[in-house]
Colleague: 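The structure is given below, and queries will be raised subsequently.
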Amino acid sequence: MRHAIITILTVLLLAGVVPAEQRDSDLNPPFEIPLDVEMRADLVYASPGGRDLHLDLFLPRSEDGLAPAVVYLHGGGWRSGNKRQFWRQAAHMATRGFVGVSVEYRLSGEAKFPAPVEDAKAAVRWLRANASELGIDTNRIGAAGGSAGGHLAAMLGTTSGVQKFEGDGGHAEFSSRVQAVAGFNPALDFSGIGAREADQRALYQFLGSSYQENPDLWAEASPVRHVGGDSAPFLFLHGTEDRTVPYRQSVEMRDKLEAAGVRAEIFTADGAPHGFFNGPPWYQPSLEAMEEFFVDTLGAPSSDQR
């Protein structure tokens, strides 16, 4: 049986149906594409400065109606990681009738803030530009991410219409607004106490300066500073024993969103550390909480309404 599975994967790889990186073993449990999901890998969504950026699509095989979509942004301190991190979550949402989108963005060794924010916005605009072909409802696009990716998702949810973050990733005629955000242990406040408790090395590389050198930049890069009445609804998924991004950052941003009249809630993982969401025992309950949130905020896919 194992030989047969390897043979099938080899054929698919040669045919270009499944990318080679699917065989990577850093996903636990190992990732398999569900039978009712179509994966389209390594599609170029933007080419800032001639650098091609890619995303992977997980599409429900049902063609009934327009589907909501969720954009996933990986973690890694803005300096590492890849779009494999959220394959399982994106594919799971596709089994529920959503379009799951796993996005590559420029890392800090290549480009500083706000380049990754610009890339995330370019990915959303690309989805809207190609919505007819992909069967996406342009009024129902959400964003999710973990740690650094949670920061980028939060920036999407709080800086809609802020032109200086749009970049030159193409499709400028389309909006980069998202209608809901789920952040797994997201980095939300770089300034003040929050900045000193975060990973200074990663933040210095991402922002190109220390807090003392450029506090205004650190504030500008903090999603909590952009909260307003037009921010998207938020779900924070955070472990109470997170030593990289303190749990209270999610609490403080939730409170600020609620004060602005915006829906915000927290899935609290008691005793969980940073990066808790991709393994037991928290993977399944956090996945279910995220799914429930997106169904509630973006609306049920048509396949759920039959």
Colleague: A cation-pi test, strictly: NZ or CZ of R254 under 6.0 Å from the centre of the six-membered ring of F236 and no more than 45 degrees from its axis. Yes or no?
Modeller: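 Geometry flag: not set, cation outside 6.0 Å or 45°.
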Colleague: Applying side-chain contact (heavy atoms from CB on, under 4.5 Å), run through R263 and D296 and close with a yes or a no.
Modeller: CA-CA 11 Å; R263 170 180 171 173; D296 199 26; 2.8 Å; yes
Colleague: Write down the atom of A180, the atom of A232, and the distance for their closest heavy-atom approach.
Modeller: N-CB, 3.9 Å
Colleague: For Q179 and I141, indicate whether the former's side chain and the latter's backbone hold a donor-acceptor pair under 3.5 Å.
Modeller: yes
Colleague: Side-chain contact test, heavy atoms from C-beta onward, threshold under 4.5 Å: evaluate it for F184 versus M290 and give yes or no.
Modeller: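 F184 reaches M290 side chain to side chain.
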Colleague: Looking only at non-hydrogen atoms, find the nearest pair between A153 and A144 and report the distance.
Modeller: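 The answer is CB-C, 3.9 Å.
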Colleague: For atom CD of E292, is the number of surrounding heavy atoms from other residues, nucleotides or ligands below 6.0 Å larger than 12?
Modeller: no
Colleague: Anything under 30° is parallel, anything over 60° is perpendicular, the rest tilted; go ahead and classify Y105 against H74.
Modeller: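 It falls in the parallel class, under 30°.
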Colleague: When you measure from the side chain of Q85 to the backbone N and O of G75, does any donor-acceptor pair fall under 3.5 Å?
Modeller: yes
Colleague: Regarding K256 and D189, does a basic nitrogen lie under 4.0 Å from an acidic carboxylate oxygen?
Modeller: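 Looking at K256 and D189, the cut-off is not met.
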Colleague: For residues F267 and P285, report the shortest heavy-atom separation together with the two atoms involved.
Modeller: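 Minimum heavy-atom separation between F267 and P285: CE1-O, 3.8 Å.
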Colleague: Counting only N and O atoms by type, is there a donor-acceptor contact under 3.5 Å from the side chain of D242 to the main-chain atoms of P273?
Modeller: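 It does not hold such a pair.
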Colleague: If we only count heavy atoms from C-beta on, is the D168 to P48 side-chain gap below 4.5 Å?
Modeller: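 The answer is yes; the side chains approach within 4.5 Å.
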Colleague: Could you check, using the six-membered ring where one of them is a Trp, whether W126 and Y45 have ring centers closer than 6.0 angstrom?
Modeller: no
Colleague: Begin from the C-alpha positions of S191 and R225 and carry the test side-chain hydrogen bond (donor to acceptor under 3.5 Å, both in side chains) through to its verdict.
Modeller: CA-CA 10 Å; S191 58; R225 298 301 184 96; 2.8 Å; yes
Colleague: Under the 3.5 angstrom rule, does the side chain of R243 hit a backbone N or O of H274 as a donor-acceptor pair?
Modeller: no
Colleague: Look at the side chain of N185 and the backbone N and O of G275, then say whether any donor-acceptor pair between them is shorter than 3.5 Å.
Modeller: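 Indeed, once roles are kept as given, a pair shorter than 3.5 Å links the two residues.
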Colleague: Has the side chain of N130 got a donor or acceptor atom that lies under 3.5 Å from a matching backbone atom of E133?
Modeller: no
Colleague: To the nearest 0.5 Å, tell me how far S222 OG sits from M155 CE.
Modeller: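 Here the rounded value is 8.0 Å.
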Colleague: Does L156 reach the side chain of V124, with side-chain heavy atoms less than 4.5 Å apart?
Modeller: yes
Colleague: Please work out which of the three classes, parallel, tilted or perpendicular, describes the rings of F86 and F277, given edges at 30° and 60°.
Modeller: parallel
Colleague: When you compare the side chain of S250 with that of F234, does any pair of heavy atoms fall below 4.5 Å?
Modeller: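 No, their side chains stay 4.5 Å or more apart.
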Colleague: Search all heavy atoms of A272 against all heavy atoms of W282 and return the closest pair with its distance.
Modeller: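 Reported closest heavy-atom pair: CB-NE1, 3.5 Å.
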Colleague: Between the side chains of E104 and K83, is the shortest nitrogen-to-carboxylate-oxygen separation below 4.0 Å, so that they form an ion pair?
Modeller: no
Colleague: Which distance, rounded to the nearest 0.5 Å, do you find between the NZ of K121 and the CD of Q163?
Modeller: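 The CD atom of Q163 is 9.0 Å from NZ of K121, to the nearest 0.5 Å.
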Colleague: To the nearest 0.5 Å, how far apart are CD in E166 and OG in S160?
Modeller: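 It comes to 7.5 Å.
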Colleague: Spell out, as yes or no, whether a donor-acceptor pair under 3.5 Å connects the side chain of R140 to the backbone of L298.
Modeller: yes
Colleague: Let's go through V70 and V101 carefully: what are the C-alpha distance in whole Å and the side-chain angles of both, what is the deciding distance for side-chain contact (heavy atoms from CB on, under 4.5 Å) to 0.1 Å, and is it a yes or a no?
Modeller: CA-CA 6 Å; V70 179; V101 188; over 6 Å; no
Colleague: Got a second to check how far R128's CZ is from D137's CG, nearest 0.5 Å?
Modeller: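 So the gap between those two atoms works out to 9.5 Å.
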Colleague: F165 and H226: aromatic ring centres closer than 6.0 Å?
Modeller: yes
Colleague: If every non-hydrogen atom of V245 is compared with every non-hydrogen atom of P186, which pair is closest and at what distance?
Modeller: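 Looking at all heavy atoms of both residues, the closest pair is CG1-O, 3.1 Å.
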Colleague: Between atom CG of L134 and atom CZ of R40, what is the distance when rounded to the nearest 0.5 Å?
Modeller: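 Rounded to the nearest 0.5 Å, the CG-CZ separation comes to 6.0 Å.
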Colleague: What's the shortest heavy-atom distance between A289 and L237, and which atoms?
Modeller: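 Closest approach of A289 to L237, heavy atoms only: CB-CD2, 4.3 Å.
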Colleague: Walk me through it: do Y211 and L203 pass the test side-chain contact (heavy atoms from CB on, under 4.5 Å)?
Modeller: CA-CA 9 Å; Y211 175 68; L203 286 169; over 6 Å; no
Colleague: Whether the side chain of R61 engages the backbone of V37 through a donor-acceptor N/O pair (distance < 3.5 Å, no angle test) should be reported.
Modeller: yes
Colleague: Do you reckon I136 sits in the same ILVMFWY cluster as F174, going by side-chain contacts under 4.5 Å, direct or chained?
Modeller: no
Colleague: Linking I/L/V/M/F/W/Y whenever any side-chain heavy atoms sit under 4.5 Å apart, do V71 and L43 land together?
Modeller: yes
Colleague: Test R51 against D119 for salt bridge (charged side-chain N to carboxylate O under 4.0 Å, His left out), laying out the working first.
Modeller: CA-CA 11 Å; R51 158 75 152 91; D119 297 344; over 6 Å; no
Colleague: Does the plane of the ring in F31 sit parallel, tilted or perpendicular to the ring in F58? Use 30° and 60° as the thresholds.
Modeller: perpendicular
Colleague: Nearest 0.5 Å please: distance from the OG atom of S108 over to the CH2 atom of W78.
Modeller: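 Output value for this atom pair is 9.0 Å.
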Colleague: Is there a side-chain contact between L127 and L57, using heavy atoms and a 4.5 Å cut-off?
Modeller: yes
Colleague: Report the C-alpha distance between Y283 and H92 in whole Å, list the side-chain angles of each, state the deciding distance to 0.1 Å, and finish with yes or no for ring-ring contact (aromatic ring centres under 6.0 Å, His included).
Modeller: CA-CA 12 Å; Y283 173 74; H92 169 81; 7.9 Å; no
Colleague: With distance as the sole test, does S176 use its side chain to make a donor-acceptor pair with the main-chain N or O of R125 at under 3.5 Å?
Modeller: no
